[in-house]
Amino acid sequence: MTRLNIHTPDTAPQAARPLVARALAANGYLPNLIGVLAGEPLALEAYFTLGEINGRGGFSTAQRETVQITAARLHGCDFCVAGHSALALKKAGLPAAQVVALQQGQHTGDPALDALAAFTAAIVQHRGAVPDEALEAFLAAGHTQAQALETVLGVSLATLCNFANVLAQSPINAQLLPYSSGVLKAA
């Protein structure tokens with residue numbers, strides 16, 4: 001049972017309907033996150049705008065999904081863990097074993113992704129006030145100061161989605177259930 005309405009294309013406020021239609025067309029179904037955010041068209045617009053900006057950064061899809069899965073795990077958003085795990089597999093081409101490791105907060109075997117996941121966790125856990133050692137380890141792994149800020153950008157996007165879903169208690173869409181933490185197998 002959700003605590004907030006999950007809108008459909010027919011129940012969404014008029015101002016949200018173009019973005020709802022866009023999400024439906026892109027996914028083939030309406031993710032419950034979009035249905036929730038449609039309740040406040042500005043929140044839905046912020047999600048799309050910030051997502052587009054985040055997508056233009058220097059991170060690869062695999063790196064962006066690493067940030068998203070890590071933040072969602074720490075924020076307790078099972079919906080976003082599942083959704084971003086699906087993207088990590090389908091769009092980023094990450095192996096299932098790496099995605100499962102990210103879901104569980106374990107090492108992926110890729111030092112650059114592991115450094116990014118650890119830095120993302122430090123940002124979330126310390127609310128941006130990361131210890132010097134965390135930033136130094138991130139930079140020592142080959143990441144840049146610009147990428148440190150890009151990680152903050154990704155966490156910002158994740159926070160909007162994660163908090164909206166946790167507040168609403170959105171169920172995971174059936175299309176995303178196979179990618180849920182504890183369901184997805186390392187193959």
Side-chain angles (χ1 to χ4, degrees), residues 1-13 15-55 59 61-92 94 99-105 116-117 120-128 151-184:
M1 183 77 182
T2 63
R3 298 192 304 177
L4 300 178
N5 292 331
I6 298 177
H7 289 278
T8 67
D10 296 329
T11 65
R17 288 184 182 186
L19 294 175
V20 167
R22 180 174 157 192
L24 183 59
N27 294 289
Y29 67 96
L30 188 63
N32 287 335
L33 167 66
I34 303 302
V36 167
L37 291 175
E40 173 43 74
L42 290 175
L44 185 57
E45 180 183 0
Y47 164 77
F48 274 98
T49 301
L50 193 53
E52 289 167 1
I53 292 168
N54 190 49
F59 279 151
T61 304
Q63 290 169 314
R64 285 193 304 274
E65 295 310 322
T66 296
V67 171
Q68 295 302 309
I69 294 168
T70 301
R73 176 181 57 80
L74 292 170
H75 287 147
C77 184
D78 296 335
F79 179 97
C80 291
V81 168
H84 287 287
S85 294
L87 291 171
L89 289 164
K90 294 177 180 182
K91 289 195 175 180
L94 286 177
V99 176
V100 169
L102 290 169
Q103 289 178 339
Q104 297 173 354
L116 178 57
T120 301
I123 288 171
V124 172
Q125 292 166 336
H126 297 282
R127 297 186 323 267
T151 306
V152 173
L153 172 63
V155 169
S156 300
L157 175 60
T159 301
L160 171 64
C161 302
N162 301 164
F163 285 15
N165 272 319
V166 172
L167 172 64
Q169 296 179 352
S170 304
I172 299 171
N173 292 78
Q175 297 87 341
L176 298 176
L177 283 173
Y179 307 99
S180 300
S181 184
V183 175
L184 182 65

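Quantities reported herein were computed from a predicted structural model and do not represent experimental measurements.
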What are the two closest heavy atoms between [X] and [Y], and how far apart are they?
X	Y	result
Ser181	Val81	CB-CG1, 4.1 Å
Gln68	Gly154	NE2-O, 2.9 Å
Leu44	Ala38	CD2-CA, 4.0 Å
Gln103	Ser85	NE2-OG, 2.8 Å
Ala121	Leu74	CA-CD1, 3.5 Å
Thr120	Ala71	CG2-N, 4.2 Å

Worked check of side chain to side chain contact (heavy atoms under 4.5 Å, CB included) between Leu89 and Leu184: CA-CA 11 Å; Leu89 289 164; Leu184 182 65; 3.8 Å; yes

Val124/Thr70 under side chain to side chain contact (heavy atoms under 4.5 Å, CB included): CA gap, chis, key distance, verdict: CA-CA 9 Å; Val124 172; Thr70 301; over 6 Å; no

Expected output: side-chain Asn173 to main-chain Leu30 donor-acceptor under 3.5 Å: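 Yes: the side chain of Asn173 pairs with the backbone of Leu30.
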
From [atom1] ([X]) to [atom2] ([Y]), nearest 0.5 Å:
X	Y	atom1	atom2	answer
Ile53	Ser156	CD1	OG	10.5 Å
Leu176	Cys80	CG	SG	9.5 Å
Asp78	Gln169	CG	CD	11.5 Å
Gln104	Ile69	CD	CD1	11.5 Å

[Y] and [X], any side-chain heavy atoms less than 4.5 Å apart:
X	Y	value
Phe48	Leu37	no
Val183	Leu177	no
Phe79	Val166	no
Pro13	His7	yes
Val152	Ile123	yes
Leu153	Leu50	yes
Leu19	Ile34	no
Phe59	Leu116	yes

Whether over 12 other heavy atoms sit under 6.0 Å from Arg3 CZ: yes

Partner of Thr61 under side chain to side chain donor-acceptor pair (under 3.5 Å), chosen from Glu65, Arg64, Gln63: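 It is Arg64, the one option of Glu65, Arg64, Gln63 that forms the side chain to side chain donor-acceptor pair (under 3.5 Å) with Thr61.
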
With Ser170, the side chain to side chain donor-acceptor pair (under 3.5 Å) member among Asn165, Thr2, Asn32: Asn165

Matching residue for Asn54 among Thr49, Leu157, Val67 - test: side-chain contact (heavy atoms from CB on, under 4.5 Å): Leu157

